[in-house]
A.B. asks: 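One structure, as structure tokens, below. Some questions next.
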Amino acid sequence: MNEHAPKKLFIKTYGCQMNVYDSDRMADALAPHGYEPVQAAEDADLVVLNTCHIREKASEKVFSEIGRLRELRDERRLAGGDLMIGVAGCVAQAEGDEIVRRAPAVNLVFGPQSYHRLPELLARAHNGARVVDTDFPEEDKFEHLPAAKKEVTARRGLTAFLTVQEGCDKFCSFCVVPYTRGAETSRPLEQVLREAENLAEAGVRELTLLGQNVNAWHGLDARGRSVGLGELCYRLSLIPGIARIRYTTSHPLDMTDELIEMHRDLDALMPYLHLPIQSGSDAILKSMNRRHTVAEYMAVIERIKAARPDMAMSGDFIVGFPGETDADFDATMQVVREVGYASAYTFKYSIRPGTPGATMDGQVPEAKKAERLARLNEQINTQMHAFHRSVVGRTLPVLIEKAGRQPGQVGGRSPYLQAVHMQGPTRLIGQIVPVEIIEARNNSLTGKIVTDAEPNPASVIESRATAAHI
Ligand code: SAM
Ligand code: SF4
């Protein structure tokens, strides 16, 4: 293959938002080498599967996708062409050798810490080698990953993910993340600010900061003073253009006073917080190695609600962890009602080989897990609809993100991450306008634009600079 001819890249992303961010960064790393993104494997010269290992079925899906790609490659070869196949992400990290053994069609396998080396790995694969790179290298990949071109960022939309923290040292007994993503690390403050400035210059208005434990993020400022996520949000809010900041996923033990106070003082921090508890039973939390009790979690929620009474809460729950009794599950349902979650991600416990949970006694039968999951989902759905209905009649600031499906319609998000549809001109895309909410549907709201004038950005930044007292 000619090294300099334009080549087509298709990245299929599985799993969490961090993988979505990583896929974009892989595309950015390959862009200077002539790779242009396409929307389907059928149109690509290189297909990368950016995988997730969090649950069992996820890795099985990857192996069946590799089978499909092998057929595509064989057809290409019959017609005189070819297809390169790469596997990235957490399945690659955890099962690199297994992939090489089970899937000879795969040309390269690389883990989440190797994305900056992708052009070099690909060159080796083009020379006929089967490449596996699942090391945790010393160098900082973020220093070596090129920034996206302005027009590429602009095409990706007004809202952007920005990974600020990776890895985890908490070792919950069900979870593979500490093994696949490695030890907890925070990106340096200045590096994050630089990336955010580039995003803002390309038109991004809303940042979602990402990390496995994003609220454990910490860094040093220019004076060598240690700062936490709250101050990072404050610094980001002063970047012209940045109107809204969110962050996910947080651990209850890392919810510092500084961060909670920032929710009170900083208008750019959105009142929607994803704070998983996993189970409402102290006995299960203990055997999950969560290191906090239900009461401690509820105390954190109380501090958050005191700072920001309208905070909408979201969470993660695992049902059917080994040893979970009916009473333990009832305790989870009780927490769900008490916290009043506006949304949640719910999972059946899935054995992850190599984690302590995998060999625990008292594994719960699948049928029991399914029954509990259905009850939990029903409760969460009821609460989600009630939350949507509770904003009907209110006027909310909505970030207009895109044209709607119907002509003359636009779509955006409320501060509480609700999708809002309304009549309006596309010239409003990128603005935050007051919208009266007139109807709650199952998964979205319908609204009416009150006025289409956004407050002057310079005065917003000036008021933020004084409000947060830093
Ligand atoms: N760091 C976050 C935290 O502490 O809550 C979560 C990160 S994890 C990538 C996302 C979610 O996947 C977890 O919160 C948990 O609910 C779910 N999860 C992780 N391992 C699981 C397993 N073995 N079975 C089922 N769900 C699991
Ligand atoms: Fe996994 Fe989150 Fe627990 Fe870390 S804190 S081990 S990422 S569930």
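Indexing begins at 1, ligand by ligand and atom by atom, following the structure's order. Numbers here are sequence positions counted from 1.
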A.B. asks: Assess Arg102 against Phe63: is NZ or CZ under 6.0 Å from the centre of the six-membered ring, and within 45 degrees of the ring's axis?
C.D. replies: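 Yes - Arg102 lies over the ring of Phe63, closer than 6.0 Å to its centre and within 45° of its axis.
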
A.B. asks: Identify, with sequence neighbours excluded, every residue that meets ring pair (Phe, Tyr, Trp, His ring centres under 6.0 Å) alongside Phe387.
C.D. replies: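 In terms of ring pair (Phe, Tyr, Trp, His ring centres under 6.0 Å), with neighbours along the sequence ignored, Phe387 is linked to Tyr416.
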
A.B. asks: Taking all non-hydrogen atoms of both residues, which atom of Ala44 and which atom of Val38 are closest, and how far apart?
C.D. replies: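 Minimum heavy-atom separation between Ala44 and Val38: CB-CG2, 4.0 Å.
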
A.B. asks: Do we see a donor-acceptor contact under 3.5 Å between the side chains of Ser23 and Asn50?
C.D. replies: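 Judged by distance alone, the side chains do pair up.
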
A.B. asks: With heavy-atom distances below 4.0 Å as the criterion, list the atoms of ligand 2 near Phe174.
C.D. replies: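 Result: 8 (S).
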
A.B. asks: For ligand 1, output the ligand-protein N/O contacts shorter than 3.5 angstrom; if there are none, return none.
C.D. replies:
unit_1, atom_1, unit_2, atom_2, d
ligand 1, 1 (N), Gln212, O, 2.7
ligand 1, 4 (O), Arg290, NH1, 3.0
ligand 1, 5 (O), Gln278, NE2, 3.2
ligand 1, 14 (O), Gln278, NE2, 2.7
ligand 1, 14 (O), Asp316, OD2, 2.5
ligand 1, 16 (O), Gln278, OE1, 2.7
ligand 1, 23 (N), Phe174, O, 3.0
ligand 1, 23 (N), Ser350, O, 2.8
ligand 1, 24 (N), Ser350, N, 3.0

A.B. asks: Determine the minimum heavy-atom distance between Val294 and Ser279, stating which atoms define it.
C.D. replies: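 Here Val294 and Ser279 meet closest at CG2-O, 4.5 Å.
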
A.B. asks: If every non-hydrogen atom of Gly111 is compared with every non-hydrogen atom of Tyr115, which pair is closest and at what distance?
C.D. replies: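 Looks like O-CE2, 3.3 Å.
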
A.B. asks: Under 2.8 Å from atom 4 (Fe) of ligand 2, which protein N/O/S atoms are there?
C.D. replies: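 Under 2.8 Å from atom 4 (Fe) of ligand 2 - ignoring waters, which are not counted - the protein N, O or S atoms are Cys168 SG.
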
A.B. asks: Could you find the nearest protein heavy atom to atom 2 (Fe) of ligand 2 and give me its residue, atom name and distance?
C.D. replies: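 Ranking protein heavy atoms by distance from atom 2 (Fe) of ligand 2, first comes Arg290 NH1, 4.3 Å.
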
A.B. asks: Arg372 and side chain to side chain donor-acceptor pair (under 3.5 Å): which single residue from Asn377, Asp328, Asp326 fits?
C.D. replies: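 Going through the options one by one, the only one that passes is Asp326.
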
A.B. asks: With Arg337, which residues qualify under side-chain contact (heavy atoms from CB on, under 4.5 Å), at least two apart?
C.D. replies: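 Testing Arg337 for side-chain contact (heavy atoms from CB on, under 4.5 Å), a comparison that skips the adjacent residues, returns Met333, Gln334, Gln379, Gln383.
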
